[in-house]
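Each ligand, and each atom within it, is numbered from 1 in the order the structure gives.
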Amino acid sequence: MTSNTRVRFAPSPTGALHIGGAHPPLFNGLGARHIGGSFILRIEDTDLARSTEEHERTILQGLSWLGLDWDEGPDVGGSHGPYRQSERREIYLRHAHDLVRSGQAYCEGEAVIFSVPKGRTVAFDDLVYGHIEMESDTLKDVVLIKSDGFPTYNYAVVVDDHLMEITCVVRGEDHISNTPKQLLLYQALGWETPLFAPLPMILGPDGAKLSKRHGAVNVLGYREDGFLPQALLNYLVRLGWSYGDQEIFSMAEMISLFSADDVNHSASRFDVEKLRWLNQHYLKTLDPAAVAPELRWHLARAGLDADTGPKAEDIIVALRERVHTLNEMADKARVWFGPLAGYDDAAVAKHLTAAARAPLQAAQEALAALQGWSAASVHDALNAAAQGLGVGLGKVAQPLRVAITGTQVSPSIDHTVYLAGQAEALRRIDAALGKLPA
Ligand code: GLU
């Protein structure tokens, strides 16, 4: 393949961008970037009954969230939109009429139908499974234009892949059975055929076709479930392709190492635990500033106002060792937003005892005196307070943790206090002092 390689992703907007079908855009996009070729997006919206603008929007959102952008298309205010088959109807009609004129297709009512030639062997070599053959006698005639004037998938795909100069058709292997019909159409139209690379499907952990009952299937559903696009991309790429034993790939590495030769030949099973592991890896290793916009999105969904609470970057640093997903993170961060919702009885009974008065007061004094508020300055203030009392830091940290979070579990005490903010931390210590037995 060369930089003249042109590949495409051609979703039908009859549903969201489905995780089981996410390999085609990913591999097309990566493949094109790898060789400096072009990646084209074509919306195949000719099934009027099932296509909706809403589905198209979610597909585009899914691609954009994954960072898979396409290279060309009709101009829409400075950028390029996807090609849409519904906007290309005249082209399909024109070529269908050519086929009628040359006696290779016939009209039936408003519809135009291709007469499949008899006695032909349709053979092709695809890049994944090798040689495939089919007798044309086993095929029925192919509707090209339906009576509603719109083209069928098998016909429009041929016209477009030809006119868009697609050199390699990379798509789900569920289309292998359509390929012979499409080849006959290429031949009838006198066009050269592209290469075909059918991609194995993604299955659920039970080996059945991935579906809703396995959890989220919409790519954006993984966003809602708290995954980072970097993790999902890495996961998906590794699921259908391998490069030795390497598990972690940056986008740059995916692009530079990706090769169609290493695409798996068999379906792969979706393993959400592996995805969670990868997600935590990216939470821990990406620059917090890169993760922050995603966390803010989750905070907003959780009803937390990111503008008034602690900085998203600080939350990420405090919690990324403790969670696997961003919604777990947003949920744990709730404690630093607004007033404390309540106390855990066991935590209060254990730590907010009369013995906690001196440590809490010492912490309060030290924190109140702080000029610069940071996790590090909080750390020093609390150490100094503990030293002043001649006790270990734990004696101060335990009641303080309950005072700040209402519970006995939270990240390190310096982050826990820091994230509450100085004024709120002091208020919460006051409230805790008020709960101590006399
Ligand atoms: N619109 C078809 C689909 O979504 C595309 C198949 C192809 O890539 O040729 O399945």
Which atoms of ligand 1 have any heavy atom of [X] under 4.0 Å away?
X: S12; value: 1 (N), 2 (C), 3 (C), 4 (O)
X: V157; value: 9 (O)
X: E44; value: 1 (N), 2 (C), 5 (C)

I need the single residue from L99, I113, V159 that forms a side chain to side chain contact (heavy atoms under 4.5 Å, CB included) with L144. Which is it? L99
Test item: [X] and [Y] side chains (from C-beta on) under 4.5 Å apart, heavy atoms:
X: L275; Y: F270; value: yes
X: Q187; Y: R120; value: yes
X: R171; Y: L199; value: no
X: P194; Y: T167; value: no

Mode of F9 contact toward ligand 1 - side chain, backbone, both, neither (heavy atoms, under 4.0 Å): neither
Verify side chain to side chain contact (heavy atoms under 4.5 Å, CB included) between E133 and V122, making sure each step is shown before the conclusion. CA-CA 6 Å; E133 255 185 40; V122 194; over 6 Å; no
Who's the nearest protein heavy-atom neighbour of [atom], and how far?
atom: atom 8 (O) of ligand 1; answer: R8 NH1, 2.7 Å
atom: atom 10 (O) of ligand 1; answer: H175 NE2, 2.7 Å
atom: atom 9 (O) of ligand 1; answer: Y153 OH, 2.7 Å

Indicate yes or no: does an N/O atom of A10 lie under 3.5 Å from an N/O atom of ligand 1? yes
